[in-house]
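What follows is a short report on a single structure.
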Amino acid sequence: MSDHLPQELLAEVLSRLPVKSLLKCRCVSKTWYSLIADPSFIAQHLKKTAARNSGLLFFSYSTRELVWPFKENVRYLLYPDESFPANPVEELDCPFKGIKRFVNIVGSCNGVFCLSDDVYGKYAEKAFLWNPSVRKIVDIPCPNFTFTSYGPYIPSLGFGFDSTTDDYKLVRIVYSHFIFDEIRPFVEIYSLRSRGWRKVKKDLKYFITARSTSAFLNGACHWVATKRGNGPGVRDVIVSFSLGEEVFGEMEVPDCLVKKYHYMDVAVFDGSLLLVASFKLTGEGCFTVWMMKEYGIPGSWTKLFNISHLKWIRKLVAFRKSGKVLLAKSFGDLVFYDPKTEEIFDTKIWGNAHSFYLDTFVESLVLLDETNEFTEVEASEDNSTNEILEDVASSSNSQLVIDEAMKQMVSCASFDQK
């Protein structure tokens, strides 16, 4: 009987179903199978899914073993929005695991997560696109600029969706350790549609510090960066990269934050760009969050809250509907902070401070028609990976030492540029 329904009506009915039901519906007939896999139907379903809240949160974090090779154990969990951090309803099985590295979530868009294989936060050469709703993972090929071909480098990544071409893109900005005196980063873009990397020739005169978070908003990836010639460790502009036009832009940060903090990062909340600053250069453990009320207008920066009485806050993880803020401390504690009462609540969850990730879970059919291309990497690694691991091991044996080394490299870079 369904085969006699108008195609438009059938698509309208099916687009209201959850992903798990649609995966079963593909077995009904060839007509249904073709319809559900059609890109226009996938877009139609995503539009309806995005309009209604799933009521679930996607939460990820990692812990590290204390002996070499310091293997990362990553968990991906779904929680009811109202119960987090208690009572997870499901632990997701991601095939990207069992590797002697730090797994970083570069970003997510339309239910697709971009995972990068950061060797203890120092190098990023392997990346994957993963949609847990349809259990599909796409292997992104090795980029052009690698440790094997160029030696040590500092990478920055950004991920998002280009609505002008209906394409998912990964941006990779790489700085060689040996050319800090003349900043000429290597910029390349991976396109899911074209399945390959291509170099982008851009005169980017900023230094995006390693492990700076990226934020995707209004069709562009954003990072906090340092202008050449400023003092050591200072990052005082926001650099944006439009995925559609493939051009870089610049935004000013509030004057009161310039040359005041060791760390600055960007985030997105409620459709607005956030700037998060921590650890004052004077040694104070201050943590402050600002929101750009009007995108691209520097004069619209507004301070949301400031924490001065709580030390070692390293990362803003998420805002909650209750008004509380989820924060990660430098030594791995995950806590709630209430800006109104200034109270702190311990979640009893501990992990790598950089690894904590929390966002609304979006069900989608994106990547449904893709072939799973990932082959799990076992304990043995290839020669190039072992070279990287040895390089990391020779420079540090703990995350705190790595962070400090990165900070020193930024200081040296800024000093050389003066």
Side-chain angles (χ1 to χ4, degrees), residues 1-58 76 78 81 89-90 92-96 105-115 127-141 159-170 189-196 216-221 243-244 268 271 359-374:
M1 180 177 178
S2 61
D3 289 338
H4 298 290
L5 289 175
Q7 189 81 349
E8 294 78 8
L9 179 58
L10 180 60
E12 178 63 26
V13 172
L14 292 179
S15 66
R16 299 175 183 273
L17 297 178
V19 169
K20 288 184 178 180
S21 297
L22 288 173
L23 295 180
K24 295 177 181 178
C25 286
R26 291 189 302 168
C27 301
V28 172
S29 68
K30 291 182 179 180
T31 301
W32 283 37
Y33 187 97
S34 299
L35 172 62
I36 293 170
D38 186 85
S40 61
F41 176 81
I42 291 175
Q44 181 182 357
H45 178 266
L46 178 61
K47 188 175 181 179
K48 284 185 170 59
T49 301
R52 63 177 184 268
N53 194 316
S54 67
L56 292 175
L57 296 176
F58 176 94
Y76 305 97
L78 293 182
D81 196 344
V89 295
E90 184 179 355
L92 302 171
D93 182 24
C94 178
F96 189 27
I105 297 181
V106 181
S108 65
C109 192
N110 298 336
V112 177
F113 294 85
C114 181
L115 309 177
F128 301 84
L129 300 182
W130 175 46
N131 184 346
S133 297
V134 295
R135 298 183 179 181
K136 290 295 180 70
I137 189 163
V138 174
D139 185 358
I140 295 177
F159 172 73
F161 178 68
D162 179 5
S163 60
T164 63
T165 58
D166 193 29
D167 195 9
Y168 293 85
K169 294 180 178 179
L170 174 62
I189 299 175
Y190 168 81
S191 160
L192 177 62
R193 186 174 287 274
S194 67
R195 295 307 180 97
F216 179 71
L217 179 67
N218 292 342
C221 297
L243 295 184
V268 174
D359 202 356
T360 301
F361 182 67
V362 178
E363 276 198 333
S364 82
L365 295 167
V366 180
L367 305 185
L368 176 62
D369 217 22
E370 300 288 341
T371 301
N372 275 324
E373 303 170 345
F374 180 80

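Just so you know, residue 1 is the first one in the sequence shown, and it goes up from there.
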- prompt: Taking atom NZ of Lys48 as the centre, does the number of heavy atoms from other residues, nucleotides or ligands within less than 6.0 Å exceed 12?
  reply: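 Yes - once you tally the heavy atoms of other residues, nucleotides and ligands closer than 6.0 Å, there are more than 12.
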
Below 4.5 Å, heavy atoms only, C-beta onward: do [X] and [Y] meet side chain to side chain?
X: Val366; Y: Cys109; value: no
X: Val362; Y: Leu46; value: yes
X: Phe159; Y: Tyr190; value: no
X: His45; Y: Val19; value: yes
X: Leu243; Y: Phe216; value: yes
X: Pro132; Y: Phe361; value: yes
X: Leu368; Y: Leu23; value: yes
X: Leu192; Y: Val138; value: yes

message: Please evaluate residues Leu56 and Asp81 with respect to the criterion side-chain contact (heavy atoms from CB on, under 4.5 Å), reporting the C-alpha separation (whole Å), side-chain torsions for both, the decisive distance (0.1 Å), and the verdict.
response: CA-CA 5 Å; Leu56 292 175; Asp81 196 344; over 6 Å; no

Is it the case that the side chain of [X] and the backbone of [Y] share a donor-acceptor pair, with hydrogens and angles ignored and the cut-off at 3.5 Å?
X: Arg26; Y: Trp32; answer: no
X: Ser15; Y: Glu12; answer: yes
X: Asp167; Y: Arg193; answer: yes

Atom pair [atom1] ([X]) and [atom2] ([Y]), whose distance is rounded to the nearest 0.5 Å:
X: Ile36; Y: Cys25; atom1: CD1; atom2: SG; answer: 5.5 Å
X: Leu9; Y: Gln7; atom1: CG; atom2: CD; answer: 10.0 Å
X: Cys114; Y: Trp130; atom1: SG; atom2: CH2; answer: 12.5 Å
X: Leu17; Y: Lys24; atom1: CG; atom2: NZ; answer: 11.5 Å
X: Leu129; Y: Ser108; atom1: CG; atom2: OG; answer: 11.5 Å
X: Lys169; Y: Ser194; atom1: NZ; atom2: OG; answer: 8.5 Å

query: Which residues satisfy the salt bridge (Lys or Arg N to Asp or Glu O under 4.0 Å) test with Asp359, sequence neighbours excluded?
result: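 By the salt bridge (Lys or Arg N to Asp or Glu O under 4.0 Å) rule, Asp359 matches no residue at all.
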
field: salt bridge (Lys or Arg N to Asp or Glu O under 4.0 Å) against Arg135, all qualifying residues, sequence neighbours excluded
entry: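 In terms of salt bridge (Lys or Arg N to Asp or Glu O under 4.0 Å), with neighbours along the sequence ignored, Arg135 is linked to no residue.
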
For [X], give me all partners under ring-ring contact (aromatic ring centres under 6.0 Å, His included), at least two apart in sequence or on another chain.
X: Phe41; answer: none
X: Phe161; answer: Tyr168
X: Phe113; answer: Phe58

Which atom of [X] lies closest to which atom of [Y], heavy atoms considered:
X: Thr360; Y: Ser54; answer: CG2-OG, 4.3 Å
X: Leu365; Y: Asn131; answer: C-ND2, 4.1 Å
X: Arg16; Y: Arg52; answer: O-NH2, 3.6 Å

message: What verdict does the side-chain contact (heavy atoms from CB on, under 4.5 Å) test give for Val106 and Leu115, after you've listed the backbone C-alpha separation in whole Å, the side-chain angles of each residue and the deciding distance to 0.1 Å?
response: CA-CA 6 Å; Val106 181; Leu115 309 177; over 6 Å; no

- prompt: For residues Asn110 and Ser364, is any side-chain donor paired with an opposing acceptor at under 3.5 Å?
  reply: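 Asn110 vs Ser364: no donor-acceptor pair found between side chains.
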
Asp369: partners by side-chain contact (heavy atoms from CB on, under 4.5 Å), with sequence neighbours left out: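 Only Ala37 meet the side-chain contact (heavy atoms from CB on, under 4.5 Å) criterion with Asp369.
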
